[in-house]
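A short worksheet on the structure shown next.
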Amino acid sequence: MTTTADYRPRGRLDASTAAAHEKSVQELLVGEVNSIAINLSELDFLSSAGLRVLLIAAKAAKAKGGKVVLISPKPPVLDVLVASGFDRLVQIQA
Amino acid sequence: MADFSAELTPGTDAISELIERVTAFLTDAQVDKRATHHVALVLEELLTNAATHGGSPATAVSISVTVSPARVSGEVVDGGKTFDPSRERDADLSGDADKREIGGLGLVLVRRLTESLAYERVGGRNRTTFSIGRSPTC
């Protein structure tokens, strides 16, 4: 069974904000929650430090039998997801 | 042509502040959002790399950014250990989430999102230059 929590990072997901986002995402995966829908529509900047947060979330969700879905990334953020091969790793919805 | 230059001692806060200034400069120069994002990203990755792997964290790093009609060019010069970002091994991008290594993605992004990337060791310093094309459709 899949129980999904929603998460909506805004602004920047980079070295300066990664630790706070990592903590928030891991706190969502408690109890029956095993999947996270991450809405990227208000995310302006994604760096490798931010990708690490998404990968940690994907690993943690998979370990609980769930998954991470990324929703509505802006074009530059989508470029980063594709360049890093994340489009083959997690589901991305337009 | 428009130019931006700055010097900083790389740390998370200093890098973040610099990236905001570069983003504002590129926006003022009417560079499209996609190229602006990728220039800021490449600078962040190169500066973070210099801060964590350079071996001399207190060494100042100088950067410059030049906007021309077709592209944005950037230069990062640091006094750390010899480090050629164009020759480092790519992280393994295959496999499932549970097998994927965490780390090594910064240089993958630098290589894949730049139009050109060059490195030279000059006077005991690393000089990395890159360019990113401007997209008129964005």
Side-chain angles (χ1 to χ4, degrees), chain A residues 11-22 25-26 29 34-36 38 40-70 73-92, chain B residues 10-20 22-24 26-27 31-52 85 90-114 132-135 137-138:
Chain A
R12 305 173 61 81
L13 185 41
D14 61 6
S16 66
T17 63
H21 284 293
E22 183 181 332
V25 164
Q26 287 187 324
L29 288 168
N34 61 1
S35 295
I36 310 176
I38 303 180
L40 300 177
S41 62
E42 293 177 73
L43 190 72
D44 299 316
F45 187 84
L46 176 64
S47 75
S48 66
L51 287 174
R52 279 191 280 278
V53 174
L54 299 180
L55 184 56
I56 287 166
K59 283 175 184 276
K62 191 165 185 185
K64 287 188 77 175
K67 63 180 180 180
V68 162
V69 178
L70 305 177
K74 292 181 177 181
V77 170
L78 181 61
D79 284 349
V80 172
L81 293 169
V82 172
S84 58
F86 267 54
D87 56 329
R88 286 175 278 140
L89 208 62
V90 294
Q91 188 183 337
I92 301 174
Chain B
T12 305
D13 291 342
I15 293 171
S16 194
E17 190 207 348
L18 177 94
I19 296 306
E20 281 182 24
V22 170
T23 301
L26 293 173
T27 303
V31 174
D32 62 274
K33 286 184 178 175
R34 185 177 250 147
T36 296
H37 179 280
H38 295 348
V39 170
L41 174 63
V42 168
L43 284 173
E44 166 154 333
E45 301 295 353
L46 291 175
L47 290 169
T48 301
N49 214 52
T52 52
D90 253 353
D92 183 5
L93 299 182
S94 60
D96 291 339
D98 51 352
K99 298 188 187 73
R100 202 45 121 74
E101 287 176 33
I102 294 176
L105 287 170
L107 290 176
V108 172
L109 294 177
V110 167
R111 273 184 235 129
R112 295 197 174 180
L113 295 177
T114 50
I132 289 173
R134 297 175 65 177
S135 165
T137 58
C138 288

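A pairwise comparison of heavy atoms in B/T12 and A/S16 identifies CG2-CA, 3.5 Å as the closest pair.
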Worked verdict on A/R12 versus B/E20 for salt bridge (charged side-chain N to carboxylate O under 4.0 Å, His left out) | CA-CA 11 Å; A/R12 305 173 61 81; B/E20 281 182 24; 5.2 Å; no
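Side-chain N or O atoms of B/R34 include none that pairs as donor or acceptor with a backbone N or O of A/P76 at under 3.5 Å. Judged by distance alone, the side chain of B/H37 and the main-chain N or O of A/L46 form a donor-acceptor pair under 3.5 Å.
Only the side chain of B/L109 comes within less than 4.5 Å of a heavy atom in chain A; its backbone stays farther off. Contact annotation for B/A35: neither backbone nor side-chain heavy atoms come within less than 4.5 Å of a heavy atom of chain A. There is no contact between B/I15 and chain A, counting heavy-atom distances below 4.5 Å.
Rounded to the nearest 0.5 angstrom, B/L43 CG and A/S47 OG are separated by 12.5 Å.
Screening B/V110, B/T48, B/N49, B/L105 for a side chain to side chain contact (heavy atoms under 4.5 Å, CB included) involving A/S48 leaves a single residue, B/L105.
For chain B, the option among A/A63, A/A15, A/A61, A/A60 with the highest count of heavy-atom pairs below 4.5 Å is A/A15.
For A/K64, the NZ atom counts as densely surrounded, since its 6.0 Å shell holds more than 12 non-hydrogen atoms of other residues, nucleotides or ligands.
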